[in-house]
Amino acid sequence: MRRLTVLAAALIALAAVLAESAGAASLRWTNDRDVFSLDPYARQETFLLSFDSNIYEPLVRRGREFRIEPALATRWFQAAPDRWRFALRRGVRFQDGTPLTSDDVVFSFARARGPGSNIASALAAIREVKKIDDFTVDILTYRPDPLLPGEIADWDIMSAKWCVENDAEETADALKGEENYASDHANGTGPFALESRVPDKETILVRNRDWWDRPEHNLDRVIFRPMRGADAVKALLAGTADMVYSVPAELTDRIARSPGARLVQGPELRTIFLGFGVARDALADSDVKGRNPFRDRRVRQALYQAIDENAIKTKVMRGFATQAGLLVGPGVAGFDPALNHRLPYDPAAAKTLLAEAGYPRGFSAGMLCPNDRYVNDEAICTAVVAMLAKIGVKLRLDAEPRGKFFAKLLSFDYSSDFFLLGWTPATADAFNALVNLAATRDRDAHRGDANFGGYSNPKLDALIAQIAGETDENKRLALLGEALALVKDDIAYIPLHQQQLVWAARKSVELVQQPDGSFPLRYVRVK
């Protein structure tokens with residue numbers, strides 16, 4: 001009887017393997033740029049974080065409906081106003097076989113907040129990660145933080161042993177061109193493992209058969225090749241690519257007419273906006289000497305009212321955008337549709353404002369813009385340059401690849417007079433945008449970490465501090481609305497739009513498109 005039972009168990013196991021093999025598939029996908037690094041701490045950027053999260057995993061993650069759910073932690077609770085306790089999942093192993101323990105979480109926090117890391121701002125609320133036992137950690141915050149689980153949903157956990165053994169104990173600062181073993185190698189706990197990588201050419205992932213979770217995908221192999229817009233669409237329509245992560249608006253009609261492919265569209269949480277360099281006493285690239293025109297609210301309003309966002313939406317974005325009046329859009333906690341109206345497009349009023357501010361003939365300035373980061377980014381900047389020229393503001397456009405673009409901004413020398421940027425609140429909460437973009441920069445406290453223009457408003461800083469410690473949800477939402485209104489009224493930035501996510505896939509590919517722009521391979525099935 002025992003031999004029959006063992007035989008039956010073996011047959012069941014064999015049947016499961018054969019069924020899995022029969023349903024297994026490959027995915028060939030592309031984006032207009034390569035992933036910047038395989039180190040999940042290399043940059044606070046959606047595409048990098050999304051790509052690397054297929055290999056590495058956080059304590060908590062976002063599920064199909066974008067809600068927080070367990071990942072490497074099975075449960076958590078707020079043990080005190082400034083302390084969260086997380087119970088780690090037992091039996092999880094990194095892909096080199098090393099078991100996950102609390103030591104890895106403590107190490108990962110130190111590494112993510114340490115030299116070279118560019119995700120430190122995402123963990124700014126945390127003052128310490130403390131080991132309680134091998135499978136329990138406490139996360140201590142500087143103040144009561146009811147949003148902590150959402151704030152750490154993009155913080156992937158790395159193996160302390162692997163990083164130390166491979167001289168990757170600290171993050172190589174990719175923005176300075178630094179690299180180490182973790183830049184092009186990986187060792188996570190996630191659903192996929194790295195098979196091979198040739199930067200800017202091809203990265204191949206394979207199924208992690210020892211993954212702790214039950215796979216919803218049916219992928220054995222994932223082949224990623226960076227490919228620019230027209231070439232990517234051509235590959236999709238020819239059947240040599242299965243998914244295109246970013247589709248240029250002008251090519252959407254070709255996909256819509258194809259019998260074998262489809263567009264995958266949805267609203268994105270990211271807001272695209274323009275920023276002013278106000279930190280310097282004088283602009284870095286201007287014919288105005290000895291003063292900074294952008295420090296005058298009237299000048300900022302003049303530029304705002306000289307930009308025809310409706311034309312940008314219809315002609316540049318081809319309708320794949322939602323006009324914005326705030327730094328955050330629908331789907332973000334704190335967003336108030338009553339505040340979301342834009343100032344009217346009015347070039348005549350803009351000229352009057354410039355004259356009142358002492359610039360009747362306008363002035364010149366520099367403009368920094370990426371040319372491969374956001375949908376039609378360079379085209380948006382080109383349109384803005386033409387619009388502002390009509391009121392006498394002459395911009396010298398410097399459109400750079402994203403690596404050079406972010407390196408200039410992140411130098412914090414405030415040499416960019418005027419710039420285009422996009423921001424997705426990682427927590428789906430307006431506080432994330434406020435504390436990163438509009439708070440007075442404080443490097444030690446990780447406030448203003450993306451405040452690249454040097455904007456500062458003491459009243460807003462006080463509101464941000466108040467929001468950070470407010471635990472009553474209704475009061476907190478009211479404070480968020482007050483802070484967003486202040487940023488809007490002071491024209492700290494010029495919001496333009498929330499871009500639409502526009503992907504494409506073969507009709508045989510099932511996938512989940514999340515509103516933060518992430519592409520989780522764990523949900524992909526190829527028929």
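Predicted model, so just to flag it, every value in this text is computed and none were measured. The basis for the numbers below is simple: all heavy atoms, side chains too, and nothing from hydrogens, waters or symmetry mates.
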| query | Are side-chain N/O atoms of Arg111 and Ser117 paired as donor and acceptor at under 3.5 Å? | reply | no

| Reference residue Val332; test side chain to side chain contact (heavy atoms under 4.5 Å, CB included); the match among Thr271, Leu269, Thr424 | Leu269

| With side chains defined as the heavy atoms from C-beta onward, is the minimum distance between Leu140 and Ile126 less than 4.5 Å? | no

| Using 30° and 60° as the class limits, which term best fits the ring planes of Phe224 and Phe47: parallel, tilted or perpendicular? | tilted

| Are Arg64 and Tyr523 in a cation-pi setup, meaning NZ or CZ lies under 6.0 angstrom from the ring centre and within 45 degrees of the ring axis? | yes

| said: Donor-acceptor pair, distance only, cut-off 3.5 Å: does the side chain of Asn54 make one with the backbone of Phe51? | reply: yes

| query | Would you call Asp213 and Arg522 a salt bridge, taking side-chain N to carboxylate O under 4.0 Å as the test? | reply | no

| request: Give me the one residue out of Phe273, Tyr493, Phe276 that meets ring pair (Phe, Tyr, Trp, His ring centres under 6.0 Å) with Phe418. | output: Phe276

| message | Just so I know, are the side chains of Arg43 and Phe406 near enough to count as touching, which here means a heavy-atom distance under 4.5 Å? | response | yes

| task | Mark yes or no: Arg441 above the aromatic ring of Phe412, with NZ or CZ under 6.0 Å from the six-membered ring centre and no more than 45 degrees from the axis. | result | yes

| Plane angle bin for Phe419 and Phe452 - parallel if under 30°, tilted between 30 and 60°, otherwise perpendicular | perpendicular

| message | Looking at Lys408 and Glu400, is any side-chain nitrogen of the basic one under 4.0 Å from a carboxylate oxygen of the acidic one? | response | yes

| message | Would Asp145 and Trp84 count as a side chain to side chain donor-acceptor pair (under 3.5 Å) here? Give the steps. | response | CA-CA 9 Å; Asp145 187 359; Trp84 284 82; 5.9 Å; no

| field | ring pair (Phe, Tyr, Trp, His ring centres under 6.0 Å) assessment of Phe519 paired with Trp29 | value | CA-CA 11 Å; Phe519 175 39; Trp29 71 291; 5.0 Å; yes

| note | Here the gap from Lys404 atom NZ to Leu368 atom CG, rounded to the nearest 0.5 Å, amounts to 12.0 Å

| task | Give a yes or no answer on whether the side chain of Thr30 reaches the backbone of Arg225 with a donor-acceptor pair at less than 3.5 Å. | result | yes

| Between the main-chain N or O of Arg506 and the side-chain N or O of Asp242, is there a donor-acceptor pair closer than 3.5 Å? | no

| said: Looking only at the side chains, is there a donor atom on one of Asp39 and Ser37 sitting less than 3.5 Å from an acceptor on the other? | reply: no

| pair Gln498-Glu268: side-chain heavy atoms closer than 4.5 Å | no

| Do Ser246 and Val502 touch side chain to side chain, with heavy atoms closer than 4.5 Å? | no

| request: Compute both the distance and the angle, then confirm whether Arg89 meets the cation-pi test with Trp212: under 6.0 Å from the six-membered ring centre, within 45 degrees of the axis. | output: yes

| Are the side chain of Asp442 and the backbone N or O of Ala445 linked by a donor-acceptor pair below 3.5 Å? | yes

| field | Ser26 vs Val222 side-chain heavy atoms within contact, under 4.5 Å | value | no

| message | Can you tell me how far apart CG (Asp52) and CE (Met158) are? Round to the nearest 0.5 Å. | response | 9.0 Å

| Is the closest side-chain heavy-atom distance between Asp34 and Arg197 below 4.5 Å? | yes

| query | Is there a donor-acceptor pair closer than 3.5 Å between any side-chain N or O of Ser50 and the backbone N or O of Ser518? | reply | no

| message | Holding to salt bridge (Lys or Arg N to Asp or Glu O under 4.0 Å), I want the full list of residues that pass it with Arg373, two or more places apart in sequence or in another chain. | response | Glu45

| request: Identify whether NZ of Lys or CZ of Arg in Arg62 sits under 6.0 Å from the centre of the six-membered ring of Phe66 and within 45° of that ring's axis. | output: yes

| said: The test is side chain to side chain contact (heavy atoms under 4.5 Å, CB included); show your working for Tyr374 and Leu420 and say whether it passes. | reply: CA-CA 10 Å; Tyr374 311 114; Leu420 179 132; 3.7 Å; yes

| field | Phe109 and Glu128: CA distance, side-chain angles, deciding distance, side chain to side chain contact (heavy atoms under 4.5 Å, CB included) verdict | value | CA-CA 8 Å; Phe109 175 69; Glu128 184 183 359; 5.5 Å; no

| note | In this structure, NZ of Lys161 is separated from CG of Asp96 (nearest 0.5 Å) by 5.5 Å

| said: Any non-hydrogen side-chain atom of Ile55 less than 4.5 Å from a side-chain atom of Leu205? | reply: yes

| Can any side-chain N or O of Asp231 pair as donor or acceptor with the backbone N or O of Met227 at less than 3.5 Å? | no

| query | Between Asp220 and Arg207, is there a salt bridge with N-O shorter than 4.0 Å? | reply | yes

| Would you say Asn180's side chain and Ala168's backbone share a donor-acceptor pair under 3.5 angstrom? | no

| message | Does atom NZ (Lys315) have a neighbourhood of more than 12 heavy atoms from anything else shown, all under 6.0 Å? | response | no

| Lys NZ or Arg CZ of Arg280 over Tyr414 ring: under 6.0 Å, within 45° | no

| task | Please name the pair of heavy atoms, one in Gly229 and one in Pro248, separated by the smallest distance, quoted to 0.1 Å. | result | CA-CG, 3.7 Å

| task | Go through the steps for Glu151 and Thr427 under the test side chain to side chain donor-acceptor pair (under 3.5 Å), then give the verdict. | result | CA-CA 5 Å; Glu151 292 168 357; Thr427 58; 5.9 Å; no

| said: So does Thr101 get a backbone contact from the side chain of Asp104, meaning a donor-acceptor N/O pair under 3.5 Å? | reply: yes

| query | More than 12 foreign heavy atoms under 6.0 Å from NZ of Lys131: is that the case here? | reply | yes

| message | Tyr181: which residues meet the ring pair (Phe, Tyr, Trp, His ring centres under 6.0 Å) condition with it, sequence neighbours left out? | response | Trp162, His185

| query | Would you say Leu48 and Tyr41 make side-chain contact, with heavy atoms under 4.5 Å? | reply | no

| field | Under 3.5 Å: donor-acceptor pair, side chain of Arg447, backbone of Val435 | value | no

| message | For the backbone of Asp134 and the side chain of Ser102, can you confirm whether one donor and one acceptor N or O come within less than 3.5 Å of each other? | response | yes

| query | In Å, rounded to the nearest 0.5 Å, how long is the span from CG of Asn432 to CG of Leu147? | reply | 10.0 Å

| message | Salt bridge or not between Arg61 and Glu69? Use side-chain N to carboxylate O under 4.0 Å. | response | yes

